[in-house]
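I have placed the structure first, in the form of structure tokens, so that the comments after it can refer back to it.
Read the numbers this way: they start at 1 and go in the same order the structure lists the ligands and their atoms.
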Amino acid sequence: MTTLLRPTEPPPATAPTSTRRLSSGLVFLRQFFRQPAVLGSPFPSNPRVSRALIDQLDLEGASAVAELGPGSGVVTRLIRRRLAPGAAFFAVERNERLARTLQREMPGVPILHDDAGNVGAIMRARGIAALDCVVSSLPWLLFGPELQGRLLREAAGALRPGGGFSMVTYRNPAMASVRAFRGRMEGVFGRVWLERVVWSAFPPASIYYATR
Ligand SMILES: C[S@@+](CC[C@H](N)C(=O)[O-])C[C@H]1O[C@@H](n2cnc3c(N)ncnc32)[C@H](O)[C@@H]1O
């Protein structure tokens, strides 16, 4: 059967760009089923958790900031809005598909497909001497003690004295695994505190800060 199109109508597209290219939120969900222990959660942080992760950091006054585990970019977008023009920023994402998708959504922002354990090497390659802030939403409590310690030392070593670090966990602060992780943070940072619990998250999210 022949379909008649009026001359002004464009030919039917095979599919609009937005449906052919999955958004980072959908990629995040799909990647969770492939790598649950790397992503840690099927859904990105909710807006309150995302804000709580950066509220206590002086991002406006920072010259260099890194984000570990940007995932779908919910926190990345908030960080970028607060950074001064000219401030150095990079985000390190271990999942290649997520890194590529977020890079496409945020052209011009360095979204690096790499490991949080390589922050020092990345800084050297980019000519950054020290970071003012490290924002992390890595699934820290899914990592073993050795990896936790290694990544914490890498993050703390990247910060200038007085620089700030933030992280989130969806586990209860009273749990032994969380207390052990906090102890590891205290081993590498000068000061560590539980800033707040975001009750609107499920399960509630505990936001920790640390300074070097
Ligand atoms: C719980 S998700 C958080 C994503 C996003 N920042 C948010 O708040 O919704 C954790 C992210 O950390 C990434 N990740 C896990 N281990 C990593 C590592 N060693 N280095 C870099 N990224 C890592 C995962 O791929 C995932 O995107």
So which heavy atom in the protein is nearest [atom], and how far is it from that ligand atom?
atom	value
atom 19 (N) of ligand 1	Asp115 OD2, 3.2 Å
atom 22 (N) of ligand 1	Arg94 N, 3.2 Å
atom 2 (S) of ligand 1	Leu39 O, 3.1 Å
atom 11 (C) of ligand 1	Gly69 O, 3.6 Å
atom 27 (O) of ligand 1	Glu93 OE1, 2.7 Å
atom 15 (C) of ligand 1	Val38 O, 3.1 Å
atom 20 (N) of ligand 1	Ala116 N, 2.9 Å

Only heavy atoms of [X], strictly under 4.0 Å: list the atoms of ligand 1 that pass.
X	result
Val74	7 (C), 8 (O), 9 (O)
Leu98	27 (O)
Val92	21 (C), 22 (N)
Val75	8 (O)
Pro44	9 (O)

Phe143 heavy atom under 4.0 Å from ligand 1: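 Within the 4.0 Å threshold, so yes.
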May I ask whether Leu68 places a heavy atom under 4.0 Å from ligand 1?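 Flag not set, Leu68 not near ligand 1.
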For the backbone of Ala87 and the side chain of Ser63, can you confirm whether one donor and one acceptor N or O come within less than 3.5 Å of each other?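 Checking the backbone N and O of Ala87 against the side chain of Ser63, no donor-acceptor pair under 3.5 Å is found.
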Ser24 backbone acceptor or donor facing Ser72 side chain under 3.5 Å: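 Pair absent, no side-chain N/O of Ser72 close to backbone of Ser24.
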Does an N or O anywhere in Ser137 fall below 3.5 Å from an N or O of ligand 1?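 By distance alone, the answer is yes.
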Taking both backbone and side-chain atoms of Leu138, is any N or O found less than 3.5 Å from an N or O belonging to ligand 1?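 By distance alone, the answer is no.
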Step by step, work out the salt bridge (Lys or Arg N to Asp or Glu O under 4.0 Å) result for Arg80 and Glu67. CA-CA 11 Å; Arg80 296 287 305 168; Glu67 183 188 5; over 6 Å; no
What distance do Ile54 atom CD1 and Arg82 atom CZ have between them, rounded to the nearest 0.5 Å?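 Atom-to-atom, Ile54:CD1 and Arg82:CZ are 4.5 Å apart.
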Establish, from distance only, whether the side-chain atoms of Gln148 and Arg184 form a donor-acceptor pair under 3.5 Å.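 Yes - a donor-acceptor pair under 3.5 Å links their side chains.
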Please determine whether side chain to side chain contact (heavy atoms under 4.5 Å, CB included) holds for the pair Thr211 and Trp193, giving the CA-CA distance in whole Å, both sets of side-chain angles, and the decisive distance to 0.1 Å. CA-CA 9 Å; Thr211 52; Trp193 70 101; 4.2 Å; yes
Taking everything shown except Arg104 itself, do over 12 heavy atoms lie less than 6.0 Å from its CZ?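 Yes, because the 6.0 Å sphere around CZ of Arg104 holds more than 12 heavy atoms from other groups.
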Is it the case that atom CZ in Arg182 sees more than 12 heavy atoms from other parts of the structure closer than 6.0 Å?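 Enclosed.
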Out of Ser45, Ser24, Pro70, who gets a non-hydrogen atom closest to atom 5 (C) of ligand 1?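 Closest candidate by heavy-atom distance is Pro70.
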When you compare the side chain of Val178 with that of Ser206, does any pair of heavy atoms fall below 4.5 Å?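 Contact flag for Ser206/Val178 side chains = no.
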Check whether any side-chain heavy atom of Met167 lies under 4.5 Å from a side-chain heavy atom of Leu138, and answer yes or no.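 Not in contact.
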